[in-house]
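Accompanying notes for the structure given below.
We use all heavy atoms of the structure for the numbers below, so side chains are in, but hydrogens, waters and symmetry mates are not. This one's a predicted model, so the numbers in the text were calculated from it and none came from an experiment.
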Amino acid sequence: MNFKNQSIIVTGAAGNLGRAVAGVFAAAGANLVLIDLNDDALKSVATKGAGGVLLQRADLGDPASIAAAVDAAIKRFGRIDALTNLAGGFAMGDKAHELSADAWNHMMELNAGTVLRMCHAVVPHMLKAGSGRIVNIGAYSALSGKAEMGAYVASKSAVIRLTETMAAELRGQGINVNCVLPSIIDTPQNRASMPKADPKKWVAPEALADVLLFLCSPAARAIHGAAIPVVGLS
């Protein structure tokens with residue numbers, strides 16, 4: 001796929017999935033706007049083949065910080081063709097009846113709040129352009145309740161419902177909104193926490209990145225509000 005002259009925002013770009021997504025879009029010739037809180041880690045993200053690269057440190061809990069990053073992207077590349085909302089996190093351990101308000105709010109803000117704030121900043125530019133692609137990261141586990149994962153599955157379920165809602169609201173304006181539902185992603189952290197598991201059954205970050213590449217391409221122009229399972233062999 002050719003993304004030459006297309007500008008792609010990747011949040012959480014310094015993470016395992018963010019690096020893989022940056023890599024596949026760079027190989028396709030896209031202009032990259034890589035956003036992460038860790039600006040030092042951003043400098044080591046491989047971007048060979050990209051048309052242009054803008055590294056932006058931003059706090060996705062701060063609308064002003066997000067606005068500054070998006071404004072810099074518009075100033076550099078003129079438009080935003082796709083937004084990949086990768087930033088998020090996982091936590092478990094508390095039963096629902098023992099879950100603190102802080103733990104609940106942290107998961108909701110980290111996973112659903114970041115999506116909303118990024119869309120607040122980016123969607124007006126896509127509406128002005130009359131086109132755009134947004135891909136969010138849900139979770140396969142969020143399709144049903146899971147013991148001691150209440151806040152996490154609720155937050156990722158919210159991402160799925162937000163995806164469907166935004167798709168219904170924006171499809172008539174040339175903007176596609178979809179999400180992917182990965183199972184366990186093969187990362188060093190997951191291998192360390194589950195040493196007896198078989199990572200060959202998990203989802204490689206590069207395989208998930210290929211799905212995002214497709215959803216941001218013209219080939220996915222008829223797909224709106226989809227929640228696509230990406231589960232490998234698990």
Side-chain angles (χ1 to χ4, degrees), residues 3 6-25 30 32-38 42 45 54 56-63 65-70 73 80-90 106-127 132-140 142 152-171 175-182 185 203 205 208-217 220 223-230:
F3 279 78
Q6 298 280 301
S7 300
I8 316 298
I9 290 181
V10 182
T11 71
N16 295 296
L17 179 57
R19 290 173 183 273
V21 170
V24 298
F25 277 105
L32 299 179
V33 182
L34 305 183
I35 296 177
D36 203 281
L37 189 60
N38 189 337
L42 277 178
V45 177
L54 177 64
Q56 285 292 124
R57 181 188 184 279
D59 177 358
L60 300 190
D62 179 5
S65 182
I66 292 172
V70 172
I80 298 166
D81 296 284
L83 166 64
T84 60
N85 282 311
L86 312 187
F90 172 81
H106 176 66
M107 276 289 98
M108 293 301 293
E109 285 299 308
L110 187 60
N111 290 320
T114 54
V115 169
L116 273 179
R117 285 185 285 273
M118 284 301 305
C119 289
H120 286 165
V122 171
V123 168
H125 295 285
M126 290 182 171
L127 288 171
R133 304 282 192 270
I134 299 171
V135 184
N136 303 318
I137 304 294
Y140 189 68
Y152 175 74
V153 297
S155 67
K156 287 298 190 179
S157 294
V159 171
I160 299 171
R161 300 288 89 84
L162 285 171
T163 297
E164 294 166 345
T165 297
M166 288 190 292
E169 294 167 345
L170 298 172
R171 62 194 301 172
I175 301 172
N176 299 63
V177 187
N178 296 290
C179 68
V180 294
L181 308 179
I185 301 175
V203 179
L208 185 54
D210 285 339
V211 179
L212 270 72
L213 187 78
F214 165 73
L215 289 173
C216 290
S217 76
I223 303 176
H224 299 273
I228 301 174
V230 185

Exercise. Out of Val135, Ile134, Leu162, Leu116, which one pairs with Asn85 under the side-chain contact (heavy atoms from CB on, under 4.5 Å) rule?
Worked result: Ile134
Problem set entry | Side-chain heavy atoms of Asn16 within contact of Ile185, under 4.5 Å | no
Seminar exercise, completed: Phe90 meets the ring-ring contact (aromatic ring centres under 6.0 Å, His included) criterion, sequence neighbours left out, with Tyr152
Problem set entry | Donor-acceptor pair, side chain of Thr114 and main chain of Leu60, under 3.5 angstrom | no
Exercise. If you round to the nearest 0.5 Å, how far is SG of Cys119 from CD of Glu169?
Worked result: 10.5 Å
Exercise. Are any non-hydrogen side-chain atoms of Val203 and Tyr140 less than 4.5 angstrom apart?
Worked result: no
For this session: Provide the closest heavy-atom pair for Ala13 versus Val10 in the form atom of the first, atom of the second, distance.
Result: CB-O, 3.5 Å
Problem set entry | Heavy-atom pair with the smallest gap, counting every atom of Ala209 and Leu17 | N-CD1, 4.5 Å
Seminar exercise, completed: One should read off an interatomic distance between Asp36 CG and Asp59 CG, to the nearest 0.5 angstrom, of 11.0 Å
For this session: Can you measure from CG (Leu34) to CD1 (Ile8) and round to the nearest 0.5 angstrom?
Result: 11.0 Å
Exercise. Is a side-chain N or O of Asn178 found less than 3.5 angstrom from the main chain of Gly225, in a donor-acceptor match?
Worked result: yes
Problem set entry | Minimum-distance pair of heavy atoms, taken over all atoms of Ala87 and Gly12 | CB-N, 4.0 Å
Exercise. Is the side chain of Lys156 donor-acceptor paired with the backbone N or O of Ile137 at a distance under 3.5 Å, no angle test?
Worked result: yes
Problem set entry | Residues forming a side chain to side chain contact (heavy atoms under 4.5 Å, CB included) with Glu109, sequence neighbours excluded | Arg117
Seminar exercise, completed: Residue set satisfying salt bridge (Lys or Arg N to Asp or Glu O under 4.0 Å) with Arg161, at least two apart, ordered chain then number -> Glu164
Exercise. What residues, two or more places apart in sequence or in another chain, satisfy side-chain hydrogen bond (donor to acceptor under 3.5 Å, both in side chains) together with Asn176?
Worked result: Arg133
Problem set entry | Worked check of side chain to side chain contact (heavy atoms under 4.5 Å, CB included) between Val180 and Leu215 | CA-CA 9 Å; Val180 294; Leu215 289 173; 3.7 Å; yes
Exercise. For Thr163, what residues pass the side-chain hydrogen bond (donor to acceptor under 3.5 Å, both in side chains) criterion, not counting sequence neighbours?
Worked result: Asn136
For this session: Would you indicate whether the side-chain heavy atoms of Ile80 and Val33 approach each other to under 4.5 Å?
Result: no
Exercise. Quick one: CD on Gln56 to CG on Leu32, what's the gap to the nearest 0.5 Å?
Worked result: 13.0 Å
Exercise. Is there a side-chain contact between Ile160 and Leu181 (heavy atoms, below 4.5 Å)?
Worked result: yes
Exercise. Between Leu83 and Met126, which heavy-atom pair has the shortest distance, and what is it?
Worked result: N-CE, 3.9 Å
Exercise. Measuring from Phe25:CZ to Thr84:OG1, what's the distance to the nearest 0.5 Å?
Worked result: 6.0 Å
Exercise. Are Ile66 and His120 close enough that some pair of their side-chain heavy atoms sits under 4.5 Å apart?
Worked result: no
Seminar exercise, completed: Interatomic distance, CG@Leu37 vs OG1@Thr11, rounded to 0.5 Å, equals 12.0 Å
Seminar exercise, completed: Sequence neighbours excluded, the answer for side-chain hydrogen bond (donor to acceptor under 3.5 Å, both in side chains) partners of Ser155 is Asn111
